[in-house]
Amino acid sequence: MSSYRAPRGTRDLLPESRAALSRLEGIARSLAVRYGYREMEIPLFEQVSVFERGIGPATDVVEKELFRLTPRTEDSESWALRPEATAGIVRAYVQHGMQTWPQPVKLTVVGSMFRYDRPQAGRYRQFWQWDAETIGDPGPAVDAEVIEMGRRFYAEAGVADVQVLLNSIGDSACRPAYLARLKSYFASHEAELPELERRRLETNPLRLLDSKDPTMTAVVSAAPKISECLCDACEAHFAAVRAHLDAVGVPYRLEPTLVRGLDYYARTAFEYYRRGAEGQQQALGGGGRYDGLVELLGGRPTQAIGFALGLDRVMLALDEAGAQPAREAPPLAVVVGADPADTVSRLRVASLLRGEGLSVRAELAQRKLGRQLETASKEHAHFAVILGDELAEGNVQLKDLEAGTQRLVPLADLAHELARAAKSHHHG
RNA sequence: GUGGCCUUAGCUCAACCGGCAGAGCAGCGGACUGUGGAUCCGCAGGUUACGGGUUCGACCCCCGUAGGCCACCCCA
């Protein structure tokens, strides 16, 4: 047994898992195109300050989960692996002057993110996300469009029981007043608060609403709700988002405790949640409006909304639901030979077929024919091209491994025959 | 970062009270020297996660480390 292993919180995606991820990436890219998003790439790492400003210095993601790279010299820049994509995309938006493009700019990134936290099922230090951002649109219609796109992703991926949780967290006009009210409410109940919750009262009072402490339920349910404290503009925005969701037939559950802690988040906040899951990593994805972020990263005031969907958690959900694993495409044909030593013929014929765009495997191990066919069967190849004495007359045996039939085919016609058969097999 | 449970062959798991580390599947080979998923036979695969300790003797008991899982924190 090797003493080397994948680093903690990472895992190798063996071909079967990689196929499952590729399938999800394919759905994401297809949806992105259908909804008018353009795919881009951003670096896997950025200056630490991009994340500090773009996510928030007081968040757990930055405070304790940032995957920092050690600087090479005393005075060199501090880098960190990206814990999410939004900050980097917005940085790129500002850097490349995308405010001069037709607005809104709709961008998407598919790739892995990194967080240095304690691993668990569905929670990794390297994980995959599909991220989509619409920058330069104040909503509310686009809010509903984004939420609907995410929901369609789960539908097309085949994840059942995904619920949309929805809330409005107000904006700079009404949230400060709400926060003050919330603080004073909990302060008046401080005696009933456990130690952890008392600390939160200082650091992030909104989080109190989300407490999992069972002794808190009474206090929390009586707490003032943001939905009752929205200013007229936010109230109107929220109502319009809901109206648009209703219009496109997206069901949702209003979730008053769904929050985002930082100032530049505004109004719409949503999560995709899986019901009836065993483990607790039930948040499959989430997003919201961040009307202050572009400005914070050096751009002009620009309203924006986006989401990040966790692809690992979708894979987990599909596994647990017993979904059919994504099949890798088997080779159309395997080139085998009666003479185990004649690897030259097998390689030559395989090369010929590959030149015609066909997907074939050459059996180059020097094993007897029976073994070669056995392997071809096990990998679900549709055909075996058998090379033997008839090759001297320019012929091969073309064997249909599913039907068990075979016939003599001139080598000159082989590619054509296989290509035709591939079509009738609706081979993918 | 805090607490708990777990770790035996590539995979799934056995091994009595502390007394010779095993099986199924997968791999490779043979039966079958030009015809496949079955069957039978064989081969290979292990410092029992790693490092210490207790003991005549440790997969088994104790300590530490690593990794996994669960609950928190938080989130995808």
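Letters A, B, ... mirror the listed sequences (proteins, then strands); counts begin at 1.
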Which ranges of RNA chain B pair up as stems, where a stem means three or more consecutive Watson-Crick or G-U pairs with both distances under 3.5 Å? B:1-7 with B:66-72, B:10-13 with B:22-25, B:27-31 with B:39-43, B:49-53 with B:61-65
How many whole angstroms separate atom CZ of A/Arg5 from atom C1' of B/G68? 8 Å
Spacing between A/Phe114 atom CZ and B/A76 atom C1', to the nearest angstrom: 14 Å
Could you please name the option among B/G68, B/C70, B/A76 that lies closest to any side-chain atom of A/Arg8? B/G68
Closest approach of A/Ala283 and A/Arg313, non-hydrogen atoms and distance? O-NH1, 2.9 Å
Has A/Arg53 got more than 12 heavy atoms of other residues, nucleotides or ligands less than 6.0 Å from its CZ? no
Could you tell me how far B/A31 sits from B/G52 if I compare only their P atoms? Round to whole Å. 48 Å
Has A/Glu41 got more than 12 heavy atoms of other residues, nucleotides or ligands less than 6.0 Å from its CD? no
Suppose you measure atom C1' in B/A21 against the same atom in B/G57; what distance do you get, rounded to whole Å? 15 Å
Residues touching RNA chain B, which here means a heavy atom under 4.0 Å, drawn from residues 371-380 of chain A: A/Arg371, A/Leu373, A/Glu374, A/Ser377, A/Lys378, A/His380
Record whether the side chain of A/Lys399 comes under 3.5 Å of the base of B/U35 through a donor-acceptor pair of N or O atoms. yes
Determine the Euclidean distance between corresponding P atoms of B/U2 and B/G64; express it in Å to zero decimal places. 14 Å
Which pairs of donor and acceptor atoms, one on a side chain in residues 403-416 of chain A, lie under 3.5 Å apart (sequence neighbours left out)?
{"unit_1": "A/Gln406", "atom_1": "NE2", "unit_2": "A/Gln397", "atom_2": "OE1", "d": "3.2"}
{"unit_1": "A/Arg407", "atom_1": "NH1", "unit_2": "A/Glu417", "atom_2": "OE1", "d": "3.4"}
{"unit_1": "A/Arg407", "atom_1": "NH2", "unit_2": "A/Glu417", "atom_2": "OE1", "d": "2.6"}

Rounding to an integer number of angstrom, what distance separates B/G24 and B/A15 when you compare their C1' atoms? 15 Å
Check the distance between B/G34's P and A/Leu398's CG and give it to me in whole angstrom. 20 Å
Dump every N/O contact between nucleotides 2-6 of chain B and the protein below 3.5 Å, one line per pair.
{"unit_1": "B/U2", "atom_1": "O4", "unit_2": "A/Arg118", "atom_2": "NH1", "d": "3.0"}
{"unit_1": "B/G3", "atom_1": "O6", "unit_2": "A/Arg118", "atom_2": "NH2", "d": "3.0"}

Taking all heavy atoms of A/Tyr37 and all of A/Met149, pick out the closest pair and write down the distance. CE1-CE, 3.4 Å
Of the listed B/G34, B/A76, B/C72, the closest approach to the A/Phe127 side chain comes from B/A76
Choosing from B/U35, B/G34, B/A76, which nucleotide comes nearest the side chain of A/Ala338? B/G34
What is the distance, to the nearest angstrom, from the CD atom on A/Glu65 to the P atom on B/G1? 12 Å
Measuring from the side chain of A/Leu401 (C-beta onward, heavy atoms only), which nucleotide among B/G34, B/C70, B/G36 has the closest atom? B/G36
With syn defined as a glycosidic torsion within 90 degrees of 0 and anti otherwise, which applies to B/C73? anti
If you check the A/Lys368 side chain, which of B/A31, B/C69, B/C72 turns out closest? B/A31
Rounded to the nearest Å, what distance is computed from the CG atom of residue A/Asp319 to the P atom of nucleotide B/C69? 13 Å
Find every protein N or O atom lying less than 3.5 Å from an N or O atom of nucleotides 39-43 of chain B, and list the pairs.
none

Whole-Å P distance, B/G18 and B/A58: 14 Å
What residues, two or more places apart in sequence or in another chain, satisfy side-chain contact (heavy atoms from CB on, under 4.5 Å) together with A/Arg371? A/Arg367, A/Lys368, A/Glu374
Has the side chain of A/Arg115 got a donor or acceptor that lies under 3.5 Å from a partner of the other kind on the base of B/A76? yes
For A/Tyr272, report the nucleic acid contact type (base, sugar-phosphate, nothing); a contact means any heavy atom under 4.0 Å. nothing
Can you establish whether the number of heavy atoms outside A/Gln95 located under 6.0 Å from its atom CD is more than 12? yes
Report the distance from atom CD of A/Glu390 to atom P of B/U35, rounded to the nearest whole Å. 12 Å
With rounding to whole Å, what would you report as the distance between B/U7 and B/C60 at their P atoms? 11 Å
Categorize A/Asp389 for me: base, sugar-phosphate, or nothing, with a 4.0 angstrom heavy-atom threshold over every strand shown. base
Give one of base, sugar-phosphate or nothing for A/Gln406, where a contact means two heavy atoms less than 4.0 Å apart. base
Quickly work out the A/Gln126 CD to B/C75 P distance and round it to whole Å. 21 Å
Rounded to whole Å, the CZ-P distance (A/Arg82 to B/C75) equals 20 Å
Can a donor-acceptor pair under 3.5 Å be found between the side-chain atoms of A/Arg313 and the base atoms of B/C75? yes
